[in-house]
Amino acid sequence: MKETAAEVTELQQLLDAAYQRSTEHLHNIITDSRRLDAGELVRVLTGMCTLNLATVTARGEPRISAVDGHFLHARWVFTTSGSAAKARHLKVRPAASVSYVDGERIGVFSHGQVETLTPEHPDFAEIEAHLTKHYGSSPSSWGDDIVYYRLQPTWMVGYAFDKKAVLEQADSAKH
């Protein structure tokens with residue numbers, strides 16, 4: 001967990017606001033007993049999480065693909081090739097949706113704006129170090145045009161069908 005207390009507080013405010021403006025249908029699925037709070041999300045979203053990333057084409061058509069996501073400082077970060085369709089979409093239309101779903105066990109759904117992180121960005125070095133430690137090599141070394149992204153969420157909810165089991169599994173994985 002790399003989140004500061006302030007980042008967890010900010011994430012909780014985002015989660016609460018998103019849940020408040022959600023539909024009755026979502027409230028019927030993500031009941032209070034299944035809703036993950038900020039502290040719980042940062043406990044369970046460790047390591048690499050395969051994300052479903054939705055972008056939009058120039059004609060307004062949705063496209064979905066998968067990326068390796070890492071939840072760092074209460075934000076999703078990911079990389080891809082600059083020649084990927086998703087990179088072309090995000091360059092001109094940075095609005096995106098991201099979901100992480102592990103069967104019925106857990107679901108985290110986010111909408112927001114994707115920012116491109118260049119080596120000059122103040123957070124780039126820490127993100128690259130995290131990814132390099134995870135993969136054993138820097139994503140920057142995987143090609144000439146690797147692009148780093150971070151989703152700045154405007155809406156996010158987290159769900160666990162059996163929250164107790166998910167949290168116990170996360171805690172036991174750390175030991």
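Excluded from the calculations below are hydrogen atoms, water molecules and symmetry mates; all remaining heavy atoms, backbone and side chain alike, are included.
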Quick one: do Trp76 and Tyr100 satisfy side chain to side chain contact (heavy atoms under 4.5 Å, CB included)? Show the steps, please. CA-CA 10 Å; Trp76 288 113; Tyr100 168 63; 4.1 Å; yes
Show the nearest heavy-atom pair for residues [X] and [Y], with the distance to one decimal.
| X | Y | value |
| --- | --- | --- |
| Ser110 | Leu151 | CB-CD2, 3.6 Å |
| Thr132 | Pro139 | OG1-CD, 4.2 Å |
| Pro153 | Leu14 | CG-CD2, 3.6 Å |
| Leu51 | Gly69 | CD1-CA, 3.5 Å |
| Pro94 | Gln113 | CG-OE1, 3.3 Å |
| Ala87 | Gly82 | CB-O, 3.6 Å |

Check whether [X] reaches the backbone of [Y] with its side chain - one donor and one acceptor, N or O, closer than 3.5 Å.
| X | Y | value |
| --- | --- | --- |
| His27 | Tyr19 | yes |
| Glu40 | Asp37 | yes |
| Glu7 | Ala74 | no |
| Arg150 | Phe78 | no |
| Asn52 | Ile64 | no |
| Ser172 | Gln169 | yes |

Spacing of [X] atom [atom1] and [Y] atom [atom2] [to the nearest 0.5 Å]:
| X | Y | atom1 | atom2 | answer |
| --- | --- | --- | --- | --- |
| Lys2 | His130 | NZ | NE2 | 6.5 Å |
| Ile30 | Thr23 | CD1 | OG1 | 9.0 Å |
| Glu104 | Tyr159 | CD | OH | 6.5 Å |
| Lys91 | Thr55 | NZ | OG1 | 15.0 Å |
| Glu115 | Gln152 | CD | CD | 4.5 Å |
| Leu167 | Ile106 | CG | CD1 | 8.5 Å |

What's the verdict on side chain to side chain contact (heavy atoms under 4.5 Å, CB included) for Arg35 and Val157, showing C-alpha distance, side-chain angles and the deciding distance? CA-CA 8 Å; Arg35 187 174 160 205; Val157 294; over 6 Å; no
Could you check Gln12 against Asp16 for side chain to side chain donor-acceptor pair (under 3.5 Å), going step by step and ending with a plain yes or no? CA-CA 6 Å; Gln12 187 60 55; Asp16 291 341; 2.8 Å; yes
Check which hydrophobic residues are tied to Met48 through side-chain heavy-atom contacts below 4.5 Å, counting indirect links as well, and list them. Leu72, Val77, Leu117, Phe124, Ile127, Leu131, Tyr135, Trp142, Ile146, Tyr148
Glu10/Arg75 ion pair, N-O < 4.0 Å: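 So Glu10 pairs with Arg75 through a salt bridge.
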Quick one: side-chain contact (heavy atoms from CB on, under 4.5 Å) partners of [X], sequence neighbours excluded?
| X | value |
| --- | --- |
| Ala54 | Ser97 |
| Glu61 | Thr57, Arg59, Arg63 |
| Gln13 | Thr9 |
| Lys164 | Asp162, Glu168 |

Can you confirm whether Ser22 sits close enough to Trp155 that some side-chain heavy atom of one is under 4.5 Å from a side-chain heavy atom of the other? yes
Is there a side-chain contact between His73 and Asp123 (heavy atoms, below 4.5 Å)? no
Audit row: Leu11, Met156, side chain to side chain contact (heavy atoms under 4.5 Å, CB included) steps and yes/no: CA-CA 9 Å; Leu11 177 59; Met156 182 185 291; 3.7 Å; yes
Check the hydrophobic clustering (I, L, V, M, F, W, Y; side-chain heavy atoms under 4.5 Å; chains of links allowed) and say if Val67 and Val114 are grouped together. yes
Among residues at least two apart in sequence or on other chains, which ones pass side-chain hydrogen bond (donor to acceptor under 3.5 Å, both in side chains) with Thr116?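 side-chain hydrogen bond (donor to acceptor under 3.5 Å, both in side chains) list for Thr116, sorted by chain: empty.
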Taking CG in Asp144 as the centre, count heavy atoms belonging to other residues, nucleotides or ligands within less than 6.0 Å. Is the count above 12? no
Please walk me through it: do Lys163 and Asp32 pass salt bridge (charged side-chain N to carboxylate O under 4.0 Å, His left out)? CA-CA 10 Å; Lys163 186 162 65 166; Asp32 286 341; over 6 Å; no
Take Phe161 and Val166 through the test side chain to side chain contact (heavy atoms under 4.5 Å, CB included) and record every step on the way to the result. CA-CA 8 Å; Phe161 183 78; Val166 167; over 6 Å; no
